[in-house]
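Each chain gets a letter, A, B and so on, in the order its sequence line appears, and its residues count up from 1. Basis for what follows: all heavy atoms, side chains included, without hydrogens, waters or symmetry-related copies.
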Amino acid sequence: MAETHKPPEQFSFRVRRYDPESGEAPYWDEHTVELEPHRSVLEAILQAKDRFDGSIGIRCSCRQAICGSCGVRVNGEPALACHTHLDAALKGASDGVIEIEPMGNMPVLKDLIVDMDAVHWKKVHRVTPWLIAKQPVPEREYLVPHENMVDVTQTMACIQCGACVSDCLAMEVDPGFIGPAALAKAYRFVGDPRDDQQFERLNDLAQDPQGIFDCTHCFKCVDACPKDVNPMGQIMRLRRIATNDHHIVDQNNGERHEAAITGLIRNYGLLHEAELIPRSYGGNSWFAKFTPAAGKELLSSLPVIVRGLLRGKLNPKIAIFGHKIPKDDLKAVQAIYDKVESREQRFELNLYIAGEDEEQGAQASAPRGETPSGAEASAPRGETPSDSTPPADPSGSDYAEAPGGVENPPSPQDPTGEGEIEAGDAAGSQAQAREPGGDERSAGEGSEQ
Amino acid sequence: MPAHDVLIIGAGLAGQRAALAAAREGASVAIMSKVHPVRSHSVAAAGGINAAISVDDDWHSHAYDTVKGSDFLGDQDAIEVMCSEAPGEVMHLEHMGVTFHRNDRGEMDLRAFGGASMKRTAYVADITGQALLHVLYEQLMKHHETVQRYEEWFTTSLLRDEAGGCCGAIARDVRSGRMEAFTAKNVILACGGAGQVYKPTTNGLIVTGDGIAMAYRAGAPLMDMEMVQYHPTCLVETGILITEGARGEGAHLLNSEGERFMEKSAPNKMELASRDVVSRAEQIEINEGRGVGPGGVGIHLDVTVVPRKRTLEALREIVNLGKDFAGVDITREPITIRPGQHYIMGGVKTDVDGQTPIAGLYAAGEVACVSVHGGNRLGANSLLDTLIFGRRSGEHAAARAASMAMPEVDANAQLRRDADAIDAIINRPRDGRRVSEIKNELGELMNAKAAVFRDEQGLQGALETIARLKEEADSAWIDDRGTVFNQDVLGAIELSYMIDCAETTVVGAIERKESRGAQFRTDFPERNDEQWLKHIDITLDGDRPKVSYSPVTITQWQPEERKY
């Protein structure tokens, strides 16, 4: 059994201390504790508190990664102290001493305790974080498809620990950025078919210069999240629904910028940098550079362009004519576009909707498999494939173990999803039929009731 | 001095629900918690919430299951209130935004749970408590203009007026160390149970019996404190909870011989008998040498019989818990568990509107004993309890506030007394024991002597030890001399709260000379309705607990033998 645990060992850690009353600068405080290697960093801190120094400040309660209190940085990386094993932490320690610091991007109040109200909760409040329910309110529950509820469960699973906020690079540069946690919270309503304000919410977050288009795709929040909420993925979904479904053209050029990138790559196989700015400002065509907005932006970028040319970072030929890749490669890139765009619905990553090839057979014969798989919404959503593909869906190799995806929530025209539910066959076969040629992740995806 | 119609202490599900209900009635409301509301321990409730919402169901059936689960110690009038109002409450939560999982018709899906005669448990994967708590907090953010939040304020005592009624509380701002007196027409205690009295426990480190002890010290009676629930499936080392939802989805319990031993004690319901029954059955297997794992102190919970895809979707949290906290992939192999302290059925005695016998003092949720759980709580009835009686307390307190003037309170003396007490703890000489040592000894003592099986000798010994620990706690010292986030000094106060809870638990357990629900006395192994079909009330008399009795309310269901 995997449960045969190793005996206790000594672990040393140093914790960043700060006493606001002392008038002194922060300092390091080192302790050595004895615990089994699979025990958590939080248990190490608590043992030190119990035995050596009760004044070490850390918020904590549940010890099981559900209350979200003990967000810290372990060896420079954001984590829940209770969710980080000592042996793993030791591996990441450069000098054999585990380093524990308060989270970033938030003011430190004492030791490992940061002011989440001033940053995190203020931003959560910014996204109108409550359901604005469709009227009239039904006597019983709203009838909504199962997979929509499972879908928003991924963002509902956010424990507000602040780990993603701690490491958000965009927020480091622009402290006003609404940020990963709050935007993931926004998806929880945007993806909820009971909410009446999908367009308003998205328009609000798209037009805000510090909203959904302020994210720089750095994946830091995805790595940081201890609950697999995938905040950046949720932000990308907000963008896709805002642009592809609601056609919101924002004042931040976010929508045009995305269209420009995907359009250019479709045409050239690689990004044509010189075309990017004009198209981001003037619209997705070669003539964009002649629009006043693009001209203005190009003019203001001239010094950068000139410096780039002088330092050899820009090749004039490529700048004017774009990159060339072999024809077959270009065809292959375009085939990807065609395939993705020919799908009747977008596939979105969702960790609550799980599917594994291997046990499909076993499952079908299991007692549960006998009941129709219910909320399997196999009906196409009737959405027209969009002109531009969504930005890279984070379902590449980083997510090799991630289980299946979920289709896009119902279109805004039929937000309750009523009438879309069909009693289906057993989950496995249906999912296969729905995703011909899909990769192994998508086989068996979709959900039982 | 801040003054409110309704001051709620504790911001878990009961407290937040009370705040929303009182605000809706137009009262001026404040909600105070020693932690940020979403850190409250309600967040850890996993499996779901019971309500007879299915068209085939009837709240009477839910009520009967609850009465039976309580081993007939629950007050049936209160159980009727809870179960009949459950469907409306759950629908209200759904309308508020809780993302309940659905069935193939798009209606709320229901899962099986222990002690229930049919599928009756609405759920959000296995993070139901978290989903409920976060949705209620969304509502508090929405109603921020009508509900004042005091987040990270630690309550040190309740204020009482000359007539003996409750008129506010003294609290310390954890961030700054500032002490403040709060006047209130009504105070609702909603600060949870006392799990930290036990070690290990499924409960968070913040669950230290604050409300129970404060009410007890203010003169309110505590009821059925001996009724302590051991949850059948907790990780062996840490006590971390594996949701009953796992068994609800079909998981088996196996002893070292691979037997589904529940056949012996609950041939019909098997793993889904009520928690006291399952925990006892497990403990018998362990005691008789059929345990598994190191030292044979565990039992196997086999989730592999649940279809893997279903497990990954509906039990995702415990898949992760197994991986992260026990190194086990529960979809592939059994996980070793054992019974662990989880919940206290007892608490501050209240009526169905949350009123304690002290005017102006209410209690709701785990801190309270209405009693809907009697000798044993059914799984997924605790979330329901917090919400129903949280709401009812809030509404009742708001109505009461509307007909009275703001009390005029001179709280200075008490404020100074509490502030001085904190200073005294900070300045104690380092010649006694550490607070943490005493807390650990207390927890281990309770887990040894006041657990699944109890007897007179062990309990008497425990009572003596508690008396010694109480004395030692009075001189226990701490390290932190600061005012900003001095968690150390709050820990010392929490220890004193926990000792009061431990003492009353043991006194109740000694008093009840029978076996009923969670109380199993090896020296009195039978239920004795003739003498003990009654509540045990404990009040503080001077500095000693005084025992009295009150009758159990029976409306429709006469006590009968309990079989699963």
Legend entry - Other residues, nucleotides, ligands: >12 heavy atoms within 6.0 Å of B/R178 CZ: yes
Inset, instruction - Return yes when atom CD of A/Q135 has more than 12 non-hydrogen atoms of other residues, nucleotides or ligands closer than 6.0 Å, and no otherwise. - result: yes
Inset, instruction - Go through the atoms of A/R59 and report whether side chain, backbone, both or neither lie under 4.5 Å from a heavy atom of chain B. - result: both
Given heavy-atom pairs under 4.5 angstrom as the criterion, report whether the side chain, backbone, both or neither of [X] touches chain A.
X: B/H36; answer: side chain
X: B/E151; answer: side chain
X: B/I478; answer: neither
X: B/V319; answer: neither
X: B/F100; answer: backbone
X: B/R481; answer: neither
X: B/T483; answer: both
X: B/V38; answer: both

Inset, instruction - Find the distance between CG (B/L301) and CD1 (B/I330) and round it off to the nearest 0.5 Å. - result: 7.5 Å
Legend entry - Side chains of A/R17 and A/S55, donor plus acceptor under 3.5 Å: yes
Do the charged groups of [X] and [Y] touch, with an N to O distance under 4.0 Å?
X: B/E437; Y: A/R51; value: no
X: A/D117; Y: B/R175; value: yes
X: B/R434; Y: B/D479; value: yes

